[in-house]
Amino acid sequence: MVESVHTHKSLERNRLEPEDAQEALEHVQELLRRQHLVADLVHRQEVGDSRGPLVEALVHRQHDAELSALLDDLHSADVAFILESLPKDDRQSIWQLVRADRDGEILLEVADWVRESLISTMDQQELVAATENLEADELADLAPDLPPEVVAEVQKGLTDEERARLTAVMSYPEDSVGAIMDFEMVRVRSDVTLEVVLRYLRRLQELPDHTDQIFIVDRQEKLIGGLPINRLLVTDPERLVTDVMDTEILTLAPLDEADEAAAAFERYDLVSAPVVDAVGRLIGRVTVNDVVDVIREASDEQALSKAGLGEEDIFAPVSQAIRNRAPWLLVNLCTAAIASFVASRFEDTVGHIVILAFLMSIVAGIGGNSGNQTMTLIIRALAVGRINSANVSKLVRRELQIALVVGIGGGLVAALFAWAISGRYSLGLVMMSAMVLNLLVGASIGMLVPLTRTRFGKDPAIGSSVLLTFATDTMGFFIFLGLATVFLL
């Protein structure tokens with residue numbers, strides 16, 4: 001017996017190379033610029049000239065027709081790229097030109113902050129039309145951004161099975177395997193021949209995307225193995241599925257963390273993996289395209305978090321951007337003020353040896369750079385699950401040893417530089433000592449902050465760079481100027 005989940009089929013469009021996508025964006029921007037130029041010229045004409053609005057309307061329709069034709073030929077991901085790259089007003093203008101039957105697939109592709117702005121301009125009827133043909137897992141991706149009445153209306157048009165799937169996906173935590181799994185897969189029983197399976201596959205219009213294996217289930221829908229497509233094609237069709245299937249395959253649970261699934265895909269070079277419930281029933285699968293999205297989103301969040309930022313519309317109003325960025329900038333200002341206060345306590349020392357004012361920034365800067373390397377390594381290792389209680393102490397010792405050796409090597413160079421420009425070997429020794437100590441401070445903070453935040457269930461990247469800069473600047477000034485006060489005065 002064979003069974004397949006219905007596959008949502010959409011019109012295939014050519015995917016663009018990155019440089020071609022950029023060229024398409026520039027073409028759209030040029031057409032929009034011309035529209036704005038014509039509108040501006042018409043508004044400058046003398047009052048009473050009836051030809052102005054007519055010319056504007058004709059040019060506007062011409063540009064809209066050209067834009068519509070261009071958008072219709074683009075893949076949904078490329079349209080999403082264009083929408084994400086335009087200011088809000090232009091974005092809305094382009095969105096109005098997208099064919100209504102493509103709205104749903106494009107909403108799935110755009111970033112969350114763009115999706116919210118697009119949905120806010122659509123009425124209930126438009127939203128229902130855009131989402132009513134989506135699969136349950138796709139609809140679940142959009143549901144958090146849709147008005148509840150739209151979700152309820154779309155659910156009315158689903159079958160009982162589709163409605164149950166939608167409810168199941170929406171019930172799982174956002175960062176879990178259950179939230180990213182889909183239901184498009186081919187399942188077979190183990191007691192049929194490969195010829196039976198092949199005949200069934202030939203009757204399908206197409207296979208679900210990223211189908212690298214067929215899942216083998218028993219009569220209770222419990223997963224018992226997998227049949228790779230390449231093995232199906234080259235094996236004697238008279239053989240039974242049970243004779244050639246793999247019984248040892250990696251499975252995921254719906255409550256597993258999505259980033260853990262991504263790590264498994266990376267480790268084992270998977271294309272797809274089955275998702276089973278607590279009793280072993282096959283309920284869905286995760287594919288590599290889902291995992292790529294998880295990895296990309298995690299990477300984006302990590303990069304923003306290190307600077308104390310969240311996801312933000314790059315064309316958002318200035319007031320909104322200020323609200324998003326000001327808190328951490330104020331924290332950074334406070335930490336910089338503390339570092340400056342520490343330096344000011346050694347005013348007499350700097351007054352006697354003016355060259356210290358130039359050298360102390362080197363100590364602080366090198367400590368910060370070294371600490372940032374350590375911190376980036378730790379955050380990355382935490383993200384892929386390579387750090388645990390068994391190896392953390394060894395990792396800490398390793399990073400401190402590296403900081404010590406690099407500090408000695410870099411300190412020798414800095415000491416020679418300080419001696420060369422000052423003629424005082426004692427200043428060179430102070431410079432070297434301060435470099436070594438501040439690199440140890442940078443390595444310690446670079447490990448301590450992300451490890452501590454992880455221990456308390458927080459994002460290890462958020463604010464780490466701000467705290468690291470605070471520590472290396474403050475301690476760098478304190479160590480260098482303190483040693484100078486003790487040994488040079």
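What's counted below: heavy atoms across the whole structure, side chains too, no hydrogens, waters or symmetry copies.
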Worked verdict on D145 versus L107 for side-chain contact (heavy atoms from CB on, under 4.5 Å): CA-CA 10 Å; D145 298 317; L107 286 173; over 6 Å; no
Does [X] use its side chain to pair, donor to acceptor, with the backbone of [Y] at less than 3.5 Å?
X	Y	result
S464	P460	yes
T376	N372	yes
D256	A253	yes
E126	D123	yes
R285	A273	no
S422	A418	yes
Q213	S272	yes
T452	V449	no
T474	A471	no
N391	N388	yes

side-chain contact (heavy atoms from CB on, under 4.5 Å) between L86 and L32, intermediate numbers included: CA-CA 10 Å; L86 294 174; L32 290 171; 4.2 Å; yes
Within this structure, what is the [atom1]-[atom2] distance for the pair [X] and [Y], rounded to the nearest 0.5 Å?
X	Y	atom1	atom2	answer
S117	K88	OG	NZ	6.0 Å
I362	N438	CD1	CG	12.5 Å
I82	L74	CD1	CG	5.0 Å
D141	M170	CG	CE	10.5 Å
M447	L468	CE	CG	11.5 Å
E399	L377	CD	CG	5.5 Å

Between [X] and [Y], is any pair of side-chain heavy atoms under 4.5 Å apart?
X	Y	result
H75	V79	no
Y172	M181	yes
E138	D182	no
I387	L451	yes
V441	I445	yes
M432	I408	yes
E184	E135	yes
D473	I338	no

Could you pull out the closest heavy-atom pair between [X] and [Y], with the gap in Å?
X	Y	value
A262	V294	CB-CG1, 4.4 Å
L440	A403	CD2-CB, 4.0 Å
M122	D103	CE-OD2, 3.8 Å
A434	I479	CA-CG2, 3.8 Å
L400	S444	CD2-OG, 3.6 Å
P254	D277	CD-CA, 4.5 Å

S76 side chain to E109 side chain, donor-acceptor N/O pair below 3.5 angstrom: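 Per modelled atom types, S76 and E109 side chains form no pair under 3.5 Å.
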Between T287 and D290: side-chain donor-acceptor atoms closer than 3.5 Å: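 Yes, a side-chain donor-acceptor pair sits under 3.5 Å.
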Heavy-atom neighbours of F478 CZ exceed 12 at 6.0 Å: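 At most 12 heavy atoms, drawn from other residues, nucleotides or ligands, come within 6.0 Å of this atom.
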More than 12 heavy atoms of other groups within 6.0 Å of E23 CD: no
Derivation of the side-chain contact (heavy atoms from CB on, under 4.5 Å) call for L83 and I106: CA-CA 10 Å; L83 291 169; I106 293 173; 3.9 Å; yes
Ionic contact status for R165 with D137, cut-off 4.0 Å: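 So D137 does not pair with R165 through a salt bridge.
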side-chain contact (heavy atoms from CB on, under 4.5 Å) assessment of V114 paired with R91: CA-CA 9 Å; V114 174; R91 183 188 306 154; 3.8 Å; yes
